[in-house]
Amino acid sequence: MGKRVEDLIILANRQINQGFFLLEAKSLIGLPVILPGQFLQVRVDNAPQTFLRRPLSVHDVNYERDSVSLLVQVLGEGTRMLSGLKPGDTLNVIYPLGNSFTLPGKGERVMLAGGGCGMAPLLYLGRKARECGAEVSVALGFRNSSRILDFSEFRKIGEVFIATEDGTEGTRGFITDIPAFRESNWDRIYCCGPEPMMKSIAKAAGERDIFCEVSLENLMACGIGACLCCVVNTSEGHVCTCTEGPVFNIRTLLW
Amino acid sequence: MGKRVEDLIILANRQINQGFFLLEAKSLIGLPVILPGQFLQVRVDNAPQTFLRRPLSVHDVNYERDSVSLLVQVLGEGTRMLSGLKPGDTLNVIYPLGNSFTLPGKGERVMLAGGGCGMAPLLYLGRKARECGAEVSVALGFRNSSRILDFSEFRKIGEVFIATEDGTEGTRGFITDIPAFRESNWDRIYCCGPEPMMKSIAKAAGERDIFCEVSLENLMACGIGACLCCVVNTSEGHVCTCTEGPVFNIRTLLW
Amino acid sequence: MVDLSVKIGKLVLKNPVMTASGTFGYGAEFDDFFDVSSLGAIIVKGTTFEPREGNPYPRMAETPSGMLNAVGLQNKGIDYFETKIYPVISRYETNVIVNVNGSNIDDYVQLTKRIEKLENIPAIELNISCPNVKMGGMAFGTNTVSAREVIRAVRDVYSRTLIVKLSPNVTNIAEFGVIAQEEGADAVSLINTLLGMAIDIKERRPKLSTVTGGLSGPAVKPVALRMVWQTAKAVSIPVIGIGGIMNADDAVEFILAGASAVQVGTASFINPVTASEVVKGIAEYLQLNGFHSPGDIVGNIKI
Amino acid sequence: MVDLSVKIGKLVLKNPVMTASGTFGYGAEFDDFFDVSSLGAIIVKGTTFEPREGNPYPRMAETPSGMLNAVGLQNKGIDYFETKIYPVISRYETNVIVNVNGSNIDDYVQLTKRIEKLENIPAIELNISCPNVKMGGMAFGTNTVSAREVIRAVRDVYSRTLIVKLSPNVTNIAEFGVIAQEEGADAVSLINTLLGMAIDIKERRPKLSTVTGGLSGPAVKPVALRMVWQTAKAVSIPVIGIGGIMNADDAVEFILAGASAVQVGTASFINPVTASEVVKGIAEYLQLNGFHSPGDIVGNIKI
Ligand SMILES: Cc1cc2nc3c(=O)[nH]c(=O)nc-3n(C[C@H](O)[C@H](O)[C@H](O)COP(=O)(O)OP(=O)(O)OC[C@H]3O[C@@H](n4cnc5c(N)ncnc54)[C@H](O)[C@@H]3O)c2cc1C
Ligand SMILES: Cc1cc2nc3c(=O)[nH]c(=O)nc-3n(C[C@H](O)[C@H](O)[C@H](O)COP(=O)(O)OP(=O)(O)OC[C@H]3O[C@@H](n4cnc5c(N)ncnc54)[C@H](O)[C@@H]3O)c2cc1C
Ligand SMILES: Cc1cc2nc3c(=O)[nH]c(=O)nc-3n(C[C@H](O)[C@H](O)[C@H](O)COP(=O)(O)O)c2cc1C
Ligand SMILES: Cc1cc2nc3c(=O)[nH]c(=O)nc-3n(C[C@H](O)[C@H](O)[C@H](O)COP(=O)(O)O)c2cc1C
Ligand code: FES
Ligand code: FES
């Protein structure tokens with residue numbers, strides 16, 4: 001599966017909440033095969049603070065338009081520059097990178113659990129899981145109702161449960177407090193979000209012996225396995241998040 | 001005379017030849033008094049290669065519009081970024097900087113001699129010289145006819161003589177070969193351009209004992225006399241081009 | 001409420017922000033931009049006993065996130081300083097510190113004696129780290145024996161606050177900090193510039209007339225921070241952090257690494273108001289994080 | 001016509017461009033992007049006799065025009081290298097060089113002996129400059145006595161091309177170049193990373209698990225160039241220039257400073273094709289300026 005460096009062309013850039021942007025970028029030479037959970041290393045031009053590329057998950061893929069969608073949360077200079085991209089601008093990327101989520105079997109009941117920007121890799125995964133014949137539910141956690149990101153696309157693939165820390169919408173608390181999360185017997189849980197959230201979901205899944213994969217966001221320099229900066233501690237020692245991950249089964253992680 | 005740091009607003013950016021741009025930038029708080037020969041230190045945002053500001057001469061001043069014009073030749077990354085500015089963009093500058101040309105007296109016959117982008121500081125000087133009642137002529141040197149910059153504004157202040165190195169327009173050779181330059185008895189010659197050109201004009205002026213001022217383009221870090229990087233060797237030792245210059249009487253220069 | 005004042009030797013600074021020598025002229029260059037007296041201290045240009053013309057042009061080259069300089073201590077000497085500059089800078093209502101340079105120990109000593117007589121100069125910064133002069137300068141600051149000698153000689157004749165400015169072009173900078181402390185210096189400041197070089201590949205010649213020059217700016221910040229951290233662990237006198245500080249966040253990094261005060265250098269070329277913005281930003285950081293004074297965070301990192 | 005080939009010791013390189021150890025994995029990571037065999041040499045990951053887990057995460061921090069790393073020589077040791085990696089990298093039709101590391105002299109020697117037996121490894125790069133390990137590494141490369149000892153011991157047991165990689169964290173790098181030459185090294189490569197530090201001011205903790213780490217990238221280029229220039233003047237063996245090379249222009253700067261060959265490091269993270277672009281760019285520069293081989297411009301600047 002060939003990785004490549006390519007100039008994508010921005011098709012659209014839409015703010016979906018304060019500090020969150022949805023970018024769509026097109027390949028002029030045709031998209032490669034992209035698996036759910038994979039990511040891109042995006043070059044941020046023209047800022048001295050952004051020497052290295054920025055890793056961003058594939059949020060969605062549209063083979064008809066040869067486009068990928070990226071869900072970007074503005075944290076620092078790099079993401080701020082990306083949020084200013086306009087249709088027609090180029091976006092230099094290395095992709096597709098990393099491993100991918102293990103797809104579910106037909107009829108399996110799967111839960112996608114995402115916190116804030118952790119929603120990013122779950123949409124494309126959800127679509128693929130549906131194609132596999134799985135029954136998909138989605139649990140999303142946010143700080144409060146004003147921070148909720150547009151999840152209409154998730155609605156199309158399954159039931160969506162919301163938790164807000166202050167209870168202003170959905171369940172008060174965290175994803176692990178959502179009744180459907182606690183009660184139903186999921187075959188698989190896929191998770192991406194802030195580390196404390198992933199850890200608590202991993203714990204809950206572990207206790208109930210549910211298959212669970214998380215997508216990590218370790219700091220990366222190269223994204224292609226060359227620098228060994230992005231390691232996570234696993235039962236097999238230090239492994240690279242960018243090549244062995246970003247998706248890990250929680251059993252292998254020494255959390 | 002207060003220097004200030006200010007965000008100017010780009011009003012217009014027009015390409016006037018391959019690699020040459022004319023920028024007009026407006027002060028929202030009103031222009032300070034600017035003297036002919038002064039310059040700005042322009043910040044080039046968003047490029048790691050452009051850590052320092054770039055010095056640019058004041059090409060023209062329009063107090064009615066509170067705007068300054070800049071004539072920019074694209075040489076490297078900094079000027080390339082500037083050439084891409086669009087109306088409405090901001091341009092952070094420190095100005096007005098440096099000394100200024102000595103204005104001529106009423107009735108004096110003055111020659112403005114500029115090579116390529118060295119035209120930049122001469123237009124505003126020419127206007128001011130006319131206001132003083134001087135009789136202005138302009139001699140411009142270019143590599144060949146295709147490199148000639150639009151000099152219509154200069155036409156409004158005096159007769160314009162052209163020299164091209166290959167003779168494709170005007171006199172063949174350098175400014176010093178233009179008959180009007182050689183024959184007429186000028187009271188003052190003001191000059192800006194590549195160093196070899198300035199030196200040959202300075203030599204010609206010196207031999208004929210004509211008052212002559214040149215505007216230097218030494219490399220600068222600060223532009224305000226703080227770093228001592230921009231020095232030129234004069235009869236008084238090393239002096240800063242950014243504060244004692246950029247305009248120097250050729251008598252003081254150890255050329 | 002936040003109290004920004006800090007003590008360096010006998011010196012009280014209203015805040016921990018100074019300007020780095022050679023990057024702030026004599027202060028007057030910045031009068032148009034902000035009230036220079038609002039800073040903790042101004043360290044003026046490198047001064048020598050005799051006038052110096054400095055190095056030939058070109059003296060400057062831009063580099064990625066930094067610059068090289070080869071000014072070479074151009075200044076008009078102590079006589080001129082006394083008669084022309086001292087009266088003017090005495091008006092600043094803050095500490096004006098002179099950066100002291102020499103080609104041999106006697107130079108340093110003679111100059112220091114003259115400066116000691118100037119009432120409004122409460123401290124000197126002994127520069128044993130200038131990379132841009134053929135004799136003296138960095139040669140002193142990269143050799144433990146001569147570093148000790150020159151510090152001792154200057155300390156002998158100077159009773160006010162003595163800051164020693166260290167060179168980063170050494171294997172173990174903390175060792176030089178310890179020597180300064182042993183010889184009675186009140187503080188050390190670091191880093192001076194890293195020795196660097198740039199080549200014009202079109203002309204195939206060095207970009208600086210002196211071939212090599214001093215690297216400054218954000219590019220050197222990680223090295224400067226490391227050296228401040230190493231030195232602060234090794235000495236008990238205050239450490240003044242210098243190197244690539246562009247804003248208050250950078251300054252806070254240095255204080256967290258162990259600096260009691262900081263100097264803003266090259267940043268003043270890009271934004272002349274930087275030093276004053278750093279003062280405000282440090283106060284905001286302390287306030288926001290519930291601290292009362294810079295001292296609360298000096299060296300205060302979880303390792 | 002331009003002939004790019006250069007000789008380093010007994011080694012013939014088809015062009016003067018190599019990849020820097022620790023920034024190019026084992027080469028395979030770049031197979032998708034270009035024909036790795038088109039380079040002059042590939043220097044693979046830092047290798048030790050025993051497997052090493054390296055330092056804890058976080059190991060990386062971005063800095064202005066550069067980055068800090070604290071990988072700490074994570075590798076699976078020589079046994080694994082011999083059985084799993086060597087067969088794979090042997091397929092490259094270029095020089096594959098192993099970067100040799102140890103915590104003590106015996107480590108270095110044992111590892112070198114094992115590598116000498118591998119027919120398709122025509123050279124080693126002796127790393128006495130890794131700043132990211134507690135024992136050995138930089139400790140060897142910043143002390144003239146131990147540097148000499150380890151080079152001598154390795155030279156004694158190794159007959160192919162020996163490149164010694166020097167640490168920039170010293171007062172006088174040329175001195176170490178001379179020692180390497182005296183001990184029979186075929187070439188020196190420089191610089192390894194500059195020791196640096198970065199602090200997260202929100203968390204008030206170092207950004208690296210190891211507090212300090214190695215600075216690389218364009219930020220260090222001026223320092224690296226200066227050191228290459230100083231070392232090339234002091235030795236007669238070839239100098240390999242490393243540090244912040246992002247494109248062919250940067251590489252040409254190093255060659256003009258005195259480097260016979262160059263290594264591309266951090267740049268490969270940002271643009272995986274950099275090394276190959278540098279090969280093309282050097283050829284173009286030579287052609288454009290009427291030179292026939294890289295040797296024509298080695299150290300060829302007007303001073
Ligand atoms: C595999 C992978 C996939 C990712 N997918 C997405 C995505 O789809 N959408 C998205 O918005 N972001 C994603 N991220 C995170 C994204 O890469 C960072 O937010 C981004 O690099 C920050 O760059 P910046 O220049 O804006 O911020 P910086 O100025 O670099 O940092 C700003 C602040 O954010 C913190 N920070 C930076 N990077 C990370 C990180 N990786 N983890 C935790 N904290 C960090 C810094 O410590 C700092 O405090 C992903 C990261 C990885 C490794
Ligand atoms: C007082 C003053 C007034 C100036 N006025 C103008 C003006 O009105 N219009 C204009 O276009 N330019 C002017 N310049 C020159 C302008 O500042 C430089 O061209 C510009 O800084 C180049 O920046 P860059 O990033 O594009 O090129 P860089 O990447 O910095 O340099 C590209 C190439 O140009 C050379 N170069 C850069 N600066 C200079 C310089 N000052 N002199 C000679 N060679 C240089 C470099 O050595 C390099 O080879 C002036 C300079 C000074 C000092
Ligand atoms: C143009 C220039 C001139 C300098 N002159 C001196 C000097 O005279 N004496 C001195 O001790 N340091 C001198 N320095 C070093 C600075 O004071 C400071 O130590 C260094 O630049 C690092 O800080 P920075 O990165 O914030 O600039 C000079 C630096 C520059 C850039
Ligand atoms: C992530 C990383 C890992 C490195 N690992 C090694 C190593 O194992 N052995 C070594 O000799 N140098 C190592 N280095 C240093 C590089 O080989 C090189 O000397 C340095 O990065 C400077 O070059 P650059 O600025 O082009 O990256 C490493 C550098 C980086 C960035
Ligand atoms: S980011 Fe370089 S190995 Fe993963
Ligand atoms: S550019 Fe700094 S003194 Fe002139």
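Lettering follows sequence order; numbering is per chain, from 1. Hydrogens, waters and symmetry mates play no part in the numbers below; they use all other heavy atoms, side chains included.
In this structure, the side chains of B/K3 and C/F30 stay at 4.5 Å or more apart for every pair of heavy atoms. Considering only heavy atoms from C-beta on, C/Y57 comes within 4.5 Å of B/N218 through its side chain. A 4.5 Å side-chain heavy-atom check between B/V5 and C/P272 finds at least one atom pair inside the cut-off. No side-chain heavy atom of C/T63 sits less than 4.5 Å from a side-chain heavy atom of B/F51.
Side-chain atoms of C/E53 do not come within 3.5 Å of backbone N or O of B/G237 as any donor-acceptor pair. Between the C/R59 side chain and the B/L228 main chain, a donor and an acceptor come within less than 3.5 Å of each other.
In terms of heavy-atom pairs under 4.5 angstrom with chain B, the leader among C/A70, C/G27, C/G217, C/P218 is C/P218. The most heavy-atom pairs under 4.5 Å with chain B, out of C/G66, C/G22, C/G54, come from C/G66.
Salt-bridge check for B/R54 with C/E62: passed, with a basic side-chain N closer than 4.0 Å to an acidic carboxylate O.
Residue contact with chain B, scored on non-hydrogen atoms closer than 4.5 Å, involves the backbone of C/N55 exclusively. Residue contact with chain B, scored on non-hydrogen atoms closer than 4.5 Å, involves the backbone of C/P56 exclusively.
Scanning both residues, B/I224 and C/E29, for their nearest heavy atoms gives O-CG, 3.4 Å. Between C/F269 and B/C222, the closest heavy-atom pair is CD2-CB, 3.5 Å. The two residues B/R53 and C/I270 come nearest to each other via the heavy atoms NE-O, 2.6 Å.
Remark: B/R143 CZ is loosely packed, at most 12 non-hydrogen atoms of other residues, nucleotides or ligands lying under 6.0 Å away. By the 6.0 Å contact criterion, CZ on B/R4 is enclosed, its count of non-hydrogen atoms from other residues, nucleotides or ligands being greater than 12. Within a 6.0 Å radius of NZ in C/K76, other residues, nucleotides and ligands contribute 12 heavy atoms or fewer.
With values rounded to the nearest 0.5 angstrom, C/K207 atom NZ is found 9.0 Å from B/L219 atom CG.
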For this session: Test C/V71 against B/C229 for side-chain contact (heavy atoms from CB on, under 4.5 Å), laying out the working first.
Result: CA-CA 6 Å; C/V71 171; B/C229 286; 4.1 Å; yes
